[in-house]
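Only heavy atoms go into these numbers, but all of them, side chains included; no hydrogens, no water, no symmetry mates. First listed ligand is number 1; within each ligand, the first listed atom is number 1.
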Amino acid sequence: MTYRAWFKCINPKCGATYPLNTVVYSCHECQSLLEVEHDTEALGRRGAAAWMKLFEERYKSNEWPYGAGVWGKKEWILPQIDDRNVVSLYEGGTNLFWAERFGKIVGINDLWIKLCGNTHSGSFKDLGMTVLVSQVKQMISEGAPIKAVVCASTGDTSAALATYCAAAGIQSIVLLPRGKISLAQLVQPISNDALVLYLDTDFDGCMRLVKEITKDPTLYLANSMNSLRVEGQKTVGIEIVQQFDWETPDVMIIPGGNLGNVSALGKGLLMMRDLGLISRLPRIVVAQAERANPLYRAYLNGFQNFEPITAEKTLASAIQIGNPVSIEKAIRTLQQFNGVVEQATEEELAEAAALGDRTGMFNCPHTGVALAAMIKLLKAGKIDKSERVVVISTAHGLKFVEMKVKYHQKELGFPSKHANQPIELPARLDAVKTALDQALEARGKF
Ligand SMILES: *Cc1c(COP(=O)(O)O)cnc(C)c1O
Ligand SMILES: [Zn+2]
């Protein structure tokens, strides 16, 4: 059986299509975003049970590249790619764990965390980048004159791009907003041989420049307006359902910035429904930082109109975006999934992340935004405590230690309820014993 996919314009009045090996990021006819469309009729002929069996057999196996979470679903992602051009670092297949203790504290029993940060470059961006860089490798092998792959980034996209390009032997170029990303995020592309441009602007400013420089077709654009990334990222929802033995949870909560990931989440779930693997869709919640909340504002007016904003500095730096590229796709997704948008202040996101950490997580601030949104929606009765809720954790906390250090040093301008400080004392038994007596006494419950 041969399966096929192509780019299609998302504007229903246009519907132009392009082969996947065309250098195209938005529609030449009407400038709308594109999405990858699959031959669902051909895919449907295989039958839902056969797909589930195939996906189960491949999941985390050692059969390269099909053991990787993304490539185990290759026919649904990028069917025409030659296995020799797949650039995979075994992405996907991340843990989904029951957050029992955190859930008890905030009043919900069936709460799960999908830890997308447990991956090669430490964020879910790997899921999309493996697909994009594989397609680029294939295009280069077919003779396309691509000299480098370029992205603007709030830190995690550039880390993923640099690592996959380094693995493939393709030059990467990353445009980063100076001082607005973490040290770990800066050192990742530096280590992975990227050309790093560090610019005095914000993400939206980097994005504007990237759109200009990639008018040169030898510089291939890797931002999520390139819908190849969405194809890889859409496996997250499919994988969650698979991990629940093909049962759909009630709610999925995802932090949103440029809004490619929520669009991807929806796309994967709709594909499962259309191919008969599930019959029910979850509700989707997008969580935004209050300081970078253009989607939340549009949600409040019923998506009547959307206004880009200038995002303010937020601890959740990877979602400090005021003019999200995938806004139209995200709104469409929210409408299809009975969606909700919630926001979190700096204090709410930091406290939620820290509370989670106290129960054994190690949250990045964006996961903090999602956890805070969940707590607020529970309190407001918009999520019921009997529901099965999955919070999508987007990055590894180790990428954001500066924020955690400041939190525990109480330097963030709010109380830091869960602050914990090392006790400095001389290395003498009596001093240690006295300190322990006092400290264990003082250690309250929360
Ligand atoms: C990129 C990113 C997001 C936001 O994803 P979008 O697709 O831009 O909405 C959230 N969290 C982390 C850690 C990220 O790197
Ligand atoms: Zn079009």
_Check: T40/D274 side-chain N/O donor and acceptor closer than 3.5 Å_ = no

*Do N226 and Y220 get their side chains close enough for a donor-acceptor pair, meaning under 3.5 Å?*
yes

*asked:* For K234, is there an ion pair with E35 - N to carboxylate O distance below 4.0 angstrom?
replied: no

_N-O pairing of E231 and K267 below 4.0 Å_ = yes

*Could you give all pairs that pass the side chain to side chain donor-acceptor pair (under 3.5 Å) test and reach residues 14-24, with sequence neighbours left out?*
N21-E142

*Would you check, one step at a time, whether the test side chain to side chain donor-acceptor pair (under 3.5 Å) holds for K180 with T154?*
CA-CA 7 Å; K180 295 187 172 69; T154 52; over 6 Å; no

*Is the backbone of V340 close enough, under 3.5 Å, to the side chain of R283 for a donor and an acceptor to pair up by distance?*
no

Residues 165-179, side-chain donor-acceptor partners within the protein, below 3.5 Å, at least two apart:
{"from": "Q171", "atom 1": "NE2", "to": "D193", "atom 2": "O", "distance (Å)": "3.3"}
{"from": "R178", "atom 1": "NE", "to": "D200", "atom 2": "OD1", "distance (Å)": "3.4"}
{"from": "R178", "atom 1": "NH2", "to": "D200", "atom 2": "OD2", "distance (Å)": "2.7"}

_List the protein residues in contact with ligand 1, where contact means a heavy-atom separation under 4.0 angstrom._
F124, K125, D156, G256, G257, N258, L259, G260, N261, A318, I319, H366, T394, A395

*Has K404 got its NZ or CZ under 6.0 Å from the middle of the six-membered ring of F362, at an angle within 45 degrees of the ring axis?*
yes

*For the Zn ion (ligand 2), state how many protein N, O or S atoms fall inside a distance shorter than 2.8 Å.*
4

